[in-house]
Amino acid sequence: MQDYQPGEIEAKWQRHWEQTGQFTPDLNPDRKKFYMLTMLPYPSGDLHIGHWYAMAPSDAYARFKAMQGHEVFFPIGFDAFGLPAENAAIKHNIHPKEWTYQNIERMRGQLRSMGNRFAWDHEVISCDPDYYKWSQWFFLRMLEKGLAYREHAPVDFCNHCQTTLAREQVWGDERLCERCNNPVVKKALNQWKLRITDYAEELLDFSQIEWPEKVRLMQTNWIGRSEGAEFAIAVQGHEQSFRVFTTRPDTVFGMSFCVLAPEHELVEAITTPEQREAVDAYRELAARKEEIERTAEGKEKDGVFTGAYALNPMNGQAVPIWIADYVLASYGTGAIMAVPAHDERDFAFARKYGLPTPVAVVEVGTHDVPEGSELEEPLLVKENSVMVNSDAFTGKAWPSSFDAVVEHMEAAGFGARQVNYRLRDWLISRQRMWGTPIPVVYCGTCGLQPVPDAELPVTLPDDAEFKPTGESPLKHHQGFLKAECPKCHGPAERETDTMDTFICSSWYYYAYLFPYWQKGETLSADSQPWDREVMKRWAPVDQYTGGIEHATMHLLYFRFYTKVLADLGLLSFREPALRLYNQGMILGEDHEKMSKSRGNVVNPDELVQRYGADTVRTYLMFLGPWDAGAPWNPQGIEGAARFLKAVWSLVQQPLPEAAGEAAVEKKVQRALHQMIQKVSEDMAHFRFNTAIAAMMSFRNVLKAEGIGRSLMLESLQALLRLLAPIAPHLTEELWQVLAPETGSVHAQPWPTFDPSLTKEDEVTIAVQVNGKVRERLEVPADLSKDELEQQALQAPRLQPHLEGKTVRRVIVVPGRLVNIVVN
RNA sequence: GCCGAGAUGGCGGAACUGGUAGACGCACCAGACUCAAAAUCUGGCGAGGGAAACCUCGUGGGGGUUCGAUUCCCCCUCUCGGCACCA
């Protein structure tokens, strides 16, 4: 018998599968299609065990679906733009393109060693001009529709990476850059944004997709919808008024002051001469605070009185207008009505500055309405609140209190119902070179002009100079910079900002179906980015897999993009992926996140060298539930290796010659059908760990003496087919031993089970006395309830526990247990 | 602070709809094979008590519902993830 040599057989089958084109889908299949997608990797240079943990189980699922009769498309590509390439360029004096393609070449080999059924001939690399030409084309369409716009506004800027960042890329309390972990600062710049907020409402609707609750929740919170009212407040003695947003219009009679954000446009006009100095000083400080790193400083609220008064539109009462930086310029209207009696922040502010805290709502059923001055903490009631001290509205209870006030505002014409979102428009400008150029030019005469479609793509120069200035080399590359105005043909300057790389990954799953579509062809506004018929047949993605860390970034952007593309008339559906599964994270041996500095990184290449890809795959899937992630155990992999070796020897051994023993065969057959059932159910739900456990158990059953030739053959064939998605090479090699005439194991149908054969004919019944197991009885599975009760009551080992006691009750659960209640 | 997930042997984990807790694997112990080791095979393996039969305890802690709770309810502790002055 030959030894199991994974190195040889794995390389052999990988070559064979690719040469025979087994994994290239038929785009016009006569069977049901299945688009399986795993998040595309960034070509950092080395495949990490985390890539394996994400991709090998995805592959197993794709293979499982294929064996179940689907035409499966499981593509792969590279998210190839990004900052690391530029950093490498500066450090090693190599063009980012060169660095990136070298890495891709290396990672292709590593990815192939995994044995995945990737459709390599559909590979897409996002830094290829034939790819980003379409990113630019989409951008131009969005520009026409007003979905892309340029704005001068304060944005988050990372000094280390020398670029702006989207809100989603700024992390944590300390507001750190997602990439380099340095604190970001605020900077006012001209920046390109996409109107994702136009889609806020639709993005909250998950009814068309089956996504994990966790992601839906995170996206919902991120979008942050709140219902309320917006209304105008006049400034006493001024023409101007300002608008405020509130979720509690029913508390409007409790307004005792107003607060404007320091940047609010009205501050200048309404500040009185006496307050001018204090207000200016505060505004300056607030502005600096945004520039200075916003480290964890005390969160005590402070502010300054403007000297002006606002008139409560409900009753004409004058209240002071303050400025304070706890009111954000970027949310709502940048101004609030402060109702300190019913809001924690307003309360703290009011107490600090001695402002009144009048009560406007109380809990239903309150007899004595408290005096505002007596409050020790704000009165936070909503669902069970009733309005008090509120003129004609007194006595109105939630939720009609809300409606009554809003209806009054609408009738009187100073306010209306309003929905606000925390979601901000997507800032896509990056001051980096290694990204998709934004296809616009700036002309001294004509201003901003889009690059004509026929001139796409605007390509990156191959000869840019990389200096450690931190600035994008595009800014100094005359060949790139100089352009002709498409309108007046005078001299113009190209936009040097590039697009956020999340733009590339927002539509890559469509590009996979048509890699480098219309390569080299001239475009126009009427170009078609894909074959509509094939797109209709294959998209959207049936199953997407990837890490949860993208919940409010990529996973939000790509839903948004699909909706935009649908509105551009390019797609006939509005969600990119019907089902999503988020795998967990593989941790180091020390239960900590893997990192070079901790020295707990596991190198997959070494493991493949030592154990073979099949063993690595099997172990990764056996570790635990896929969505939970698990720590790596260097010894644990031995278990997977032993199991595969055992399967190897089991199949390589000569089949038994002697006839089977009926009793043994019955047991083995039952175990076989139970295994098929269990593995089928588990695979369908990504429960690879228990599927593998079931196969291990079955292999233990196959050790029994007395299994006849045909049952052994049937058992091994079933086992190989069930194991094929997990250990594709080993099973392929062994399949050629058992059934070479049928071709590849991966082309075999998934085994089916006979439910009648999974049933046990004898069961173990636990017999309890007062809930404690005292005996276990082997009885026929179909034994009647009464007989079961009788047998249980008579069981000899139970008698000492029944002696001298009265049987009060007997609970019989057929097939499970008998519980005798005595006292 | 708010929202979400979780806590089971030495370790990773399993357990249907409330019904025998610890499947499967790792580690460990003993035995077989071997001159020996590795590999492989066989058996054992939650804790405590007992010569044994067995008994008691045991799924983060406390309480509750139930004949019966890892599973349901209430309170608490800890861990992880997300958000964070969002009016």
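Atoms considered below: every heavy atom in the structure, side chains included; atoms not considered: hydrogens, waters and symmetry mates. This one's a predicted model, so the numbers in the text were calculated from it and none came from an experiment.
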Quick one: are [X] and [Y] in side-chain contact, heavy atoms under 4.5 Å?
| X | Y | value |
| --- | --- | --- |
| A:D346 | A:Y326 | yes |
| A:N312 | A:I233 | no |
| A:T618 | A:L730 | no |
| A:L783 | A:Q791 | yes |

For atom [atom1] of [X] and atom [atom2] of [N], their distance in whole Å:
| X | N | atom1 | atom2 | value |
| --- | --- | --- | --- | --- |
| A:M695 | B:rC24 | CE | P | 15 Å |
| A:M621 | B:rC24 | CE | C1' | 16 Å |
| A:W222 | B:rG81 | CH2 | P | 17 Å |
| A:Y611 | B:rC26 | OH | C1' | 12 Å |
| A:K678 | B:rC16 | NZ | C1' | 9 Å |
| A:F643 | B:rG13 | CZ | C1' | 17 Å |

Just N and O in the side chain of [X]: are any of them under 4.0 Å from OP1 or OP2 of [N]?
| X | N | value |
| --- | --- | --- |
| A:S226 | B:rA87 | yes |
| A:N689 | B:rA14 | yes |
| A:Y331 | B:rA87 | yes |
| A:R776 | B:rU20 | no |

Taking atom [atom1] of [X] as the centre, does the number of heavy atoms from other residues, nucleotides or ligands within less than 6.0 Å exceed 12?
| X | atom1 | result |
| --- | --- | --- |
| A:K352 | NZ | yes |
| A:E592 | CD | yes |
| A:E760 | CD | yes |
| A:E762 | CD | yes |
| A:E778 | CD | yes |

Handout entry: Partner of A:V767 under side-chain contact (heavy atoms from CB on, under 4.5 Å), chosen from A:R774, A:E775, A:K772, A:R797
Key =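 Among A:R774, A:E775, A:K772, A:R797, the one meeting side-chain contact (heavy atoms from CB on, under 4.5 Å) with A:V767 is A:E775.
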Exercise for the section: Using the side-chain contact (heavy atoms from CB on, under 4.5 Å) rule, pick out the option among A:V679, A:I692, A:L644 that qualifies with A:L723. Expected result: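 Testing A:L723 for a side-chain contact (heavy atoms from CB on, under 4.5 Å) against A:V679, A:I692, A:L644 leaves exactly one candidate, A:L644.
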Handout entry: NZ/NE/NH1/NH2 to OD/OE distance under 4.0 Å, A:E681 and A:R687
Key =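 Salt bridge: no.
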Exercise for the section: Determine, stepwise, if the pair A:E638 / A:Y611 fulfils side-chain hydrogen bond (donor to acceptor under 3.5 Å, both in side chains). Expected result: CA-CA 9 Å; A:E638 295 289 348; A:Y611 296 100; 3.0 Å; yes
Problem - A:H342 to A:L380 - nearest heavy-atom pair and separation - result: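 Looks like O-CD2, 3.5 Å.
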Handout entry: Taking every non-hydrogen atom, the tightest pair across A:L623 and A:A630
Key =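 A:L623 and A:A630 have their closest heavy atoms at CB-CB, 4.0 Å.
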Practice task
Examine the side chains of A:D425 and A:T197 and answer whether a donor and an acceptor come within less than 3.5 Å of each other.
Solution key: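 Distance-only check passes for A:D425 and A:T197.
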Please pick, from [options], the nucleotide with the shortest atom-to-atom distance to any side-chain atom of [X].
| X | options | result |
| --- | --- | --- |
| A:K301 | B:rC26, B:rA15, B:rC85 | B:rC85 |
| A:P625 | B:rA14, B:rA87, B:rA84 | B:rA14 |
| A:Y326 | B:rC85, B:rC24, B:rG82 | B:rC85 |

Handout entry: A:Q674 side-chain N/O to A:T758 backbone N/O, donor-acceptor pair under 3.5 Å
Key =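 Yes, the answer is positive, given that a donor and an acceptor are paired below the 3.5 Å cut-off.
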Exercise for the section: Look at all strands and tell whether A:G224 reaches a base, only sugar-phosphate, or nothing, counting heavy atoms closer than 4.0 Å. Expected result: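 Answer is nothing: A:G224 stays at 4.0 Å or more from every strand.
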Exercise for the section: Report the C-alpha distance between A:F698 and A:L722 in whole Å, list the side-chain angles of each, state the deciding distance to 0.1 Å, and finish with yes or no for side-chain contact (heavy atoms from CB on, under 4.5 Å). Expected result: CA-CA 12 Å; A:F698 184 67; A:L722 295 176; over 6 Å; no
Handout entry: Upstream residue (5' side of RNA chain B) when A:E638 and A:D346 are each assigned their closest nucleotide
Key =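 Nearest-nucleotide comparison on RNA chain B picks A:E638.
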Practice task
Please list residues of residues 810-823 of chain A whose heavy atoms come under 4.0 Å from any atom in RNA chain B, ordered by number; otherwise none.
Solution key: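 Contacts with RNA chain B under 4.0 Å: A:I811, A:V813, A:R816, A:L817, A:N819, A:V821.
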Handout entry: Sub-4.0 Å heavy-atom contacts from residues 762-771 of chain A onto RNA chain B, ordered by number
Key =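 Per residue number, the list reads A:T764, A:A766, A:Q768.
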Exercise for the section: Scan nucleotides 1-12 of chain B nucleotide by nucleotide, 5' to 3', and note B when protein non-hydrogen atoms come under 4.0 Å of the base, S if they reach only the sugar-phosphate, - if neither. Expected result: --S--------B
Exercise for the section: Go along nucleotides 48-57 of chain B 5' to 3' and tag each nucleotide: B for a protein heavy atom under 4.0 Å from its base, S when only backbone or sugar atoms are that close, - otherwise. Expected result: ------SSSS
Exercise for the section: Examine A:F257 together with A:Y353 and report whether their ring centres are nearer than 6.0 Å. Expected result: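 That pair fails the under 6.0 Å test.
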Exercise for the section: Tell me whether B:rG9 sits syn or anti, counting syn as a glycosidic angle within 90° of 0. Expected result: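 Base orientation relative to the sugar is syn.
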Look for any protein N or O under 3.5 Å of an N or O in nucleotides 40-47 of chain B and output each such pair with its distance, or none.
none

Problem - Dot-bracket summary - RNA chain B, pairs being Watson-Crick or G-U whose distances fall under 3.5 Å, with | when paired to another strand - result: (((((((..(((......[....))).(((((.......))))).((((....))))..(((((..]....))))))))))))....
